[in-house]
Amino acid sequence: MVQLNYRDSKPIYLQLTEGFSQLILSGALVAGESLPSIREMAAKMTINPNTIEMSYRELVRADLVEEKDGSFIVADSSKVLNQCTDELLTEFDEIARKLVYLSVEPETLKERLELLNKKGDSND
């Protein structure tokens, strides 16, 4: 499910939050699906239940998860996904503008995108 790196300086709850966020936004976890209970997840990952709860609360704040009757359910993330996409495309536009300003040819940018797309296809 979610991989943790105990050598990473990033707190465990943030690693969990990012891992679950990626699973939700990629569609691996779908709307209406229940996340494992805090105790179940803590036992499975052998970490403190408070750490799991902190991560789940972050996911609720990010509108990726809803709490219902003490359970955590994956929310419809289409709004969040659209917002993330818009933000990333804005960043992309800014970076592309800077590269064009530095005389990088649009064809070079296109080739890079095609290369990234091919790498993405091979990771499936």
Taking only residues two or more places apart in sequence or in another chain, which ones pass salt bridge (charged side-chain N to carboxylate O under 4.0 Å, His left out) with K44? none

Residues R61, E58; criterion salt bridge (charged side-chain N to carboxylate O under 4.0 Å, His left out); working and verdict: CA-CA 5 Å; R61 273 193 279 281; E58 286 295 318; 2.7 Å; yes

Roughly how far, to the nearest 0.5 Å, is OG of S77 from CG of N82? 9.0 Å

For A43, is there any backbone N or O sitting under 3.5 Å from a side-chain donor or acceptor partner on T46? no

Are Y13 and I47 grouped together when hydrophobic residues (ILVMFWY) are joined by side-chain heavy atoms under 4.5 angstrom apart? no

Find the distance between OG (S21) and CG (L29) and round it off to the nearest 0.5 Å. 10.5 Å

Give the minimum heavy-atom separation between R57 and E67, together with the two atoms involved. NH1-OE1, 2.5 Å

Who are the side-chain hydrogen bond (donor to acceptor under 3.5 Å, both in side chains) partners of E87, not counting sequence neighbours? Q83

Quick one: pull up CG in D93 and CG in L89 and give me the separation to the nearest 0.5 Å. 6.5 Å

Show your working on side-chain contact (heavy atoms from CB on, under 4.5 Å) between V100 and L109 and close with a plain yes or no. CA-CA 9 Å; V100 169; L109 298 176; 4.0 Å; yes

Could you state the interatomic distance from CG (D8) to CD (Q15), rounded to the nearest 0.5 Å? 4.5 Å

Closest contact, heavy atoms only, P36 versus M41: CG-CE, 3.9 Å

Is L115 reachable from F92 through a run of hydrophobic residues whose side-chain heavy atoms are each under 4.5 Å from the next? no

Are any non-hydrogen side-chain atoms of I24 and V80 less than 4.5 angstrom apart? no

Using the rule that Ile, Leu, Val, Met, Phe, Trp and Tyr join whenever any side-chain heavy atoms are under 4.5 Å apart, tell me whether V65 and L14 fall into a single cluster. no

Which distance, rounded to the nearest 0.5 Å, do you find between the CD1 of I95 and the CG of L88? 9.5 Å

Considering all heavy atoms of both residues, which atom of L25 and which atom of C84 are nearest to each other, and what is their separation? CD1-SG, 4.4 Å

Please determine whether the number of non-hydrogen atoms from other residues, nucleotides or ligands lying under 6.0 Å from atom OH of Y6 exceeds 12. yes

Where is the tightest heavy-atom contact between S37 and Y56, given as atom of each residue plus distance? O-OH, 4.4 Å

Between T17 and L64, is any pair of side-chain heavy atoms under 4.5 Å apart? no

Which value, rounded to the nearest 0.5 Å, describes the distance between M54 atom CE and I52 atom CD1? 10.5 Å

Check for me, please, whether L35 and V60 land in the same ILVMFWY cluster - side-chain distances under 4.5 Å, paths through other members count. yes

Check I73 against S34 and note the closest heavy-atom contact, atom names and distance. CD1-OG, 3.3 Å

In short, L16 meets M45 closest at the heavy-atom pair CD2-SD, 3.7 Å

For residues L59 and F72: do they belong to one hydrophobic cluster (side chain heavy atoms under 4.5 Å, members Ile, Leu, Val, Met, Phe, Trp, Tyr)? yes

Can you confirm whether more than 12 heavy atoms, excluding those of Q3, are under 6.0 Å from its CD atom? no

